[in-house]
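The next block holds one structure in the form of structure tokens; read it before the comments.
The figures here come from the full heavy-atom set of this structure, side chains too, leaving out hydrogens, waters and symmetry mates.
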Amino acid sequence: MELLVLVEHRRGEIREVTFEMLTKGREIAQKTNSRLNTIILGKNIRDKAEVLARYADRVLMIDDERFEFFNSDLYQQVLSNIIREVKPILTMIGHTSYGVDLAPSLAVSLNIPLITDCLDLDIQDGQLTAVRQMYGGKIYARLNVRKSESYIATIRQGVITASEGNLKGEIIELPPPDIVEPVKKKFIEYVLPKIGEVDITSADILVAIGRGIKDQANIPLAEELAKTLGGVLACSRPIVDKGWLPPDRQVGSSGKTVKPKLYLALGISGAFQHVIGMKNSQLIIAVNKDPNAPIFNVAHYGVVEDLFKIVPILTEKIKELKKKTS
Amino acid sequence: MEIIVCVKHVPETAEVELKIDKTGRDIEKSGLVFDINEWDDYAVEEAIRIKEKLGGNVTVITVGSEDADSTLRKCLAKGADKAIRITDKRINTSDPYIIAKILSKTIKEMPFDLILTGAQSSDDGYAFIGPALAELLDIPHVTLAKKIEFKDRSVIVNRELEGGLEEVVEVELPALITIQTGINEPRYVSIMGIRKAMKKEIKTVSIDDLGLSETEVGIEGSWIHVSEVYIPSIERRAEFIRGTPEEVASKIIEIIKSRGVI
């Protein structure tokens with residue numbers, strides 16, 4: 001059998017999710033006695049193909065300037081043909097901004113069952129099963145995929161630990177493909193994140209707020225605690241979405257990765273996308289009303305309580321302490 | 001500009017302790033408050049803003065039972081012009097692929113320039129329907145939009161990538177765009193507004209109307225099937241600090257002092 005992993009790369013770098021998928025791919029390949037293929041589309045990518053050859057049995061490469069930037073329209077046309085030719089039992093694509101743009105329409109056009117955002121997956125007797133999260137990570141689900149000769153799965157980034165490659169895969173350069181269908185979408189440019197006035201990645205103490213803060217009017221409460229502690233205010237995604245704090249305060253996969261000495265999470269449930277950005281903090285203390293909130297799986301200490309009952313007293317007590325010691 | 005927005009009526013679960021139901025395949029939903037999916041709320045707002053600027057109509061569509069009418073009414077109160085609910089008991093066990101098919105059959109018969117959906121739903125979070133629907137309708141799509149601007153017969157979209165990076169893409173109309181949270185500030189509607197919207201008609205459609213057979217929906221037609229749901233076992237469960245708020249605050253200070261943080 002054949003397995004296929006789509007390489008994700010951007011601005012000259014192969015993205016980590018690629019190696020995570022190749023690690024999982026190798027595991028499944030060994031178990032099912034399959035061949036692990038990986039495909040990379042891009043411009044001037046020979047050096048990348050050589051790196052990838054350590055991780056797969058075969059590296060398929062299309063080096064063509066039309067693939068300088070990701071375009072799901074173009075990728076879909078090329079990948080459809082590759083999947084028809086290679087006939088992989090499983091094609092893995094990252095559940096990333098690129099993957100979510102590509103996988104659903106690719107699967108529909110090929111009429112191949114797709115399962116998205118998998119944390120883990122397995123093939124037994126030609127049957128694909130997967131584990132996913134639901135309800136913001138509070139619930140896990142096991143799923144069966146309808147029996148098929150071919151499956152597509154998108155894989156959540158940052159879940160599988162990528163291992164080093166020790167294979168000596170063959171690099172096969174494929175000829176530039178014909179693009180038959182009109183391409184209705186084009187890449188124009190990247191927009192880099194704005195540099196803010198506060199750098200949360202260099203702060204020793206972060207007081208981070210989430211949905212539990214409820215109202216913009218309550219933010220000064222958390223801000224005062226942060227100031228009293230000599231720290232900086234950070235937040236999870238919903239706070240930035242509401243426009244209550246600027247994007248440079250956001251911790252998580254679409255924001256910043258932080259490792260402070262103290263991360264005090266107030267009213268943050270701990271969705272995976274947030275946790276991935278703060279789980280390596282030295283000391284994590286979380287306050288949340290829900291005892292099953294996933295934040296308590298990464299916190300060292302937890303308080304199951306309304307943050308509004310804790311924060312004012314905590315601020316007062318730290319003020320007293322500082323007065324005494326100064 | 002004729003705009004269609006696909007919306008979903010979902011339980012609010014962010015700050016609630018969830019339980020597994022009797023089937024073992026979903027959560028216990030009784031007692032939960034339902035509302036429009038957060039991503040879809042931004043999509044509806046974006047559609048109404050485009051209409052206010054360029055003129056046209058906004059039609060909201062959902063697949064669901066009568067309960068979902070409250071979400072449609074909310075959209076009508078915000079400024080949507082028409083609402084359609086596709087409803088059928090046989091749809092209940094359908095996966096997102098079937099939902100996308102049902103939506104495409106409905107939308108095929110309607111005039112449109114632009115379709116908006118949320119980038120994903122807060123319940124099962126597949127992030128599948130938008131681009132799948134675009135493929136079924138044979139139109140281009142752009143996912144995870146953070147900004148939309150119109151230029152002749154095309155749209156310039158800022159897409160959210162990882163780590164705060166965005167990319168700008170141009171797509172020809174008609175197109176489908178999935179909306180990321182934070183693109184705008186969704187308006188609130190008053191009780192009065194929702195009451196007024198009670199008078200507006202919600203058109204209901206069944207799968208027979210769409211010419212879909214029973215084997216094309218439900219488990220039979222689905223790609224994926226949930227066999228079991230569970231509350232995850234805890235890997236590094238926090239040590240819990242208990243007591244009155246006063247005691248808790250003192251203990252927190254003790255801990256951070258002992259770690260030399262303050």
Side-chain angles (χ1 to χ4, degrees), chain A residues 73 97 100-101 104-105 108-109 113 115-117 134-136 138-146 184-193 205 211-212 229 240-241 243 247 253-255 261-262 269 283 285-286 289-292 296-303 309-310 313-314 317-318 321, chain B residues 13-18 27 122-128 131-132 134-136 140-141 143-144 158-162 164-172 181-182 185 223-232 234-241 245-246 248-250 252-253 255-256 259 261-262:
Chain A
D73 230 358
S97 56
V100 299
D101 209 56
S105 49
V108 168
S109 74
I115 182 155
T116 60
D117 200 14
M134 294 168 80
Y135 301 100
K138 288 184 163 189
I139 299 284
Y140 279 55
R142 257 185 256 284
L143 295 103
N144 296 324
V145 184
R146 188 169 79 191
K184 292 175 177 168
K185 186 159 66 175
K186 69 170 192 246
F187 172 89
I188 297 177
E189 60 179 347
Y190 291 116
V191 182
L192 303 181
I205 298 176
R211 243 180 246 278
L229 277 166
V240 173
D241 283 346
S253 55
S254 47
K261 287 182 181 156
L262 168 64
S269 68
L283 173 64
I285 303 176
K289 281 198 290 193
D290 173 9
N292 291 330
F296 293 128
N297 301 350
V298 290
H300 302 94
Y301 293 92
V303 179
K309 286 190 186 152
I310 304 291
I313 298 178
L314 188 57
K317 282 192 180 280
I318 294 166
L321 185 78
Chain B
T13 55
E15 290 171 77
V16 191
E17 191 181 344
L18 300 178
I27 55 162
S122 59
D123 51 2
D124 44 29
Y126 289 109
F128 173 84
E135 183 67 29
L136 290 166
H141 67 265
T143 53
L144 296 165
N158 285 41
R159 294 189 69 219
E160 182 179 295
L161 306 179
E162 286 76 14
L165 188 68
E166 291 182 0
E167 68 177 2
V168 185
V169 298
E170 183 171 350
V171 65
E172 289 171 23
T181 54
E185 207 177 305
W223 279 351
I224 54 178
H225 172 63
V226 176
S227 57
E228 178 198 8
V229 301
Y230 56 98
I231 294 170
I234 282 93
E235 294 133 30
R236 179 155 64 113
R237 170 62 97 170
E239 183 182 318
F240 283 103
I241 307 169
E246 189 93 16
V248 167
S250 297
I252 290 177
I253 290 171
I255 292 160
I256 56 183
R259 297 285 190 107
V261 180
I262 55 165

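In this structure, the portions of B/V226 lying under 4.5 Å from any heavy atom of chain A include both its backbone and its side chain. Neither the backbone nor the side chain of A/V240 comes within contact range of chain B; no heavy atoms are under 4.5 Å apart. Residue contact with chain A, scored on non-hydrogen atoms closer than 4.5 Å, involves the side chain of B/L144 exclusively. B/S122 touches chain A through its backbone: at least one of N, CA, C or O sits under 4.5 Å from a heavy atom, while the side chain does not. For A/K289, the part lying near chain B is the side chain, with the backbone staying farther off; criterion is any non-hydrogen pair under 4.5 Å. There is no contact between B/A134 and chain A, counting heavy-atom distances below 4.5 Å. At a 4.5 Å heavy-atom cutoff, the contact between A/D290 and chain B is made by side-chain atoms alone. Using a 4.5 Å cut-off between heavy atoms, B/L165 touches chain A through backbone and side chain atoms alike. When heavy atoms are compared at a cutoff of 4.5 Å, A/L192 approaches chain B by way of both its backbone and its side chain.
Here the straight-line distance linking atom CD1 of B/I224 with atom CG of A/L143 works out to 5.5 Å at 0.5 Å rounding. In this structure, CD1 on A/I139 lies 4.5 Å from CD1 on B/I231, to the nearest 0.5 angstrom.
Listed options A/S253, A/G136, A/G243 were ranked by heavy-atom pairs under 4.5 angstrom with chain B; first place goes to A/S253. Ranking B/T13, B/V16, B/D123 against chain A, the residue ahead of the rest is B/D123, based on heavy-atom pairs under 4.5 Å. The candidate from A/V191, A/L321, A/T116 with the greatest count of non-hydrogen atom pairs under 4.5 Å with chain B is A/V191. Heavy-atom pairs under 4.5 Å with chain B were tallied for A/P193, A/S105, A/P247; the largest tally goes to A/S105. When B/V169, B/T181, B/D124, B/I27 are compared by the number of non-hydrogen pairs under 4.5 Å with chain A, B/T181 comes out ahead.
Judged purely by distance below 3.5 Å, without hydrogens or angles, the side chains of B/E162 and A/S97 pair a donor atom with an acceptor atom.
Note on B/E172 versus A/K185: no salt bridge recorded, every NZ/NE/NH1/NH2 to OD/OE distance being 4.0 Å or above.
Looking at residues two or more places apart in sequence or on another chain, you find a side-chain contact (heavy atoms from CB on, under 4.5 Å) between B/F240 and A/F296, A/V304, B/R237, B/R242.
Summarising the geometry of B/A127 relative to A/V100, their closest heavy-atom pair is CB-CG1, 4.3 Å, with the distance given to 0.1 Å. The nearest pair of heavy atoms linking A/S269 to B/A14 is CB-O, 4.1 Å. Here the shortest heavy-atom pairing between B/A249 and A/I313 reads CB-CG2, 3.8 Å.
For the pair B/L161/A/Y190, a side-chain contact is recorded, criterion being any heavy-atom separation below 4.5 Å from C-beta on.
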